[in-house]
Amino acid sequence: MALTPDDVVHKEFQHVRFKDGFDPEEVDDYLDEIVVEWRKTIEENNELKAKLAAFESGENAPAPVAAAAPAPAPAPVAEGSSTGTSAGIIELAQRLHDEHVAEGEAKRKQLIEDAEAEVARIRTEAEAKQREESARLERERNTLEGRITELREFERDYRGKLRAMIEGQLRDLDQKSPTDSTPVSAIGL
């Protein structure tokens, strides 16, 4: 994160509940960010000063300490020529700019590749989960259909047996005629 002076001026911290003041961890973290950015700025400033001094003295510029790729040394310019020195500084600044742009492009490309790889991974996982879930639901459906078939067969058999038993009872009742039985008198009860 490139930290600017405006970031420091406008930084707002969360208030802590039940106490006055700010969350100490949040303040410490923010101060750590400031220190890291400040150190980078100081290192870059010292590096640029060394390059400028080497350039002005006619030597090759020293290799950058923290840069990804060293900048090629500018062409030596005759001393005392302010136009040559200005042109050399502009050339050096342009090279540094080009390096940073190339570095940014490479990082952008890498971020896009990483994001595309992550999308492919997530898509593959989702498709695998979808296939697993579909297979599980298909198995469950087959199990339920089998159970339904069993219950229908049971119902058909049960109805058949119940019908046969009722019809048998009715036949038995029909076969016993009222003439075969002796009438019971209700008077003697």
Intermediate values then yes/no, side chain to side chain contact (heavy atoms under 4.5 Å, CB included), R39 and V35: CA-CA 6 Å; R39 285 181 179 156; V35 168; 3.5 Å; yes
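- The side-chain hydrogen bond (donor to acceptor under 3.5 Å, both in side chains) check on D32 picks up nothing, with sequence neighbours excluded.
- Residue Q94 holds its CD atom at 4.5 Å from CG of D98, rounded to the nearest 0.5 Å.
- The CD atom of E103 sits 11.0 Å away from atom CG of L96, with the distance rounded to the nearest 0.5 Å.
- One finds the CG atom of L31 at 10.5 Å from the CD atom of E26 (value rounded to the nearest 0.5 Å).
- We find that R141 and E145 are joined by a salt bridge, their nearest charged nitrogen and carboxylate oxygen being less than 4.0 Å apart.
- At least one side-chain heavy atom of E127 sits under 4.5 Å from a side-chain heavy atom of R123.
- One finds no salt bridge joining K40 and E43 here, because no Lys/Arg side-chain nitrogen approaches an Asp/Glu carboxylate oxygen to under 4.0 Å.
- Linking Ile, Leu, Val, Met, Phe, Trp and Tyr residues whenever their side-chain heavy atoms come within less than 4.5 Å leaves V27 and V36 in two separate clusters.
- There is no path of hydrophobic side-chain contacts, each under 4.5 Å, that joins L111 to V119.
- To the nearest 0.5 Å, the span separating CG on L144 from CG on L151 amounts to 10.5 Å.
- To the nearest 0.5 Å, the span separating NZ on K49 from CD1 on I42 amounts to 9.5 Å.
- Looking only at atom types and distance, the side chain of S134 has a donor-acceptor partner in the side chain of Q130 under 3.5 Å away.
- Checked for salt-bridge contact, E132 and R136 miss the test: no charged N lies under 4.0 Å from a carboxylate O.
- Here the CG-CG distance, from L137 to N142, works out to 11.0 Å after rounding to the nearest 0.5 Å.
- With sequence neighbours left out, R159 forms a side-chain contact (heavy atoms from CB on, under 4.5 Å) with E155.
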Step by step, would you call M165 with L162 a side chain to side chain contact (heavy atoms under 4.5 Å, CB included)? CA-CA 5 Å; M165 184 186 79; L162 184 61; 4.0 Å; yes
For side chain to side chain contact (heavy atoms under 4.5 Å, CB included), just list the numbers for K51 and E47, CA-CA rounded to whole Å, side-chain angles, deciding distance to a tenth of an Å, and then say yes or no. CA-CA 6 Å; K51 284 181 181 180; E47 187 178 305; 3.8 Å; yes
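- Scanning for salt bridge (charged side-chain N to carboxylate O under 4.0 Å, His left out) contacts around E25 gives an empty result, with sequence neighbours left out.
- The 12-atom threshold is exceeded at CZ of R121, counting heavy atoms of other residues, nucleotides or ligands nearer than 6.0 Å.
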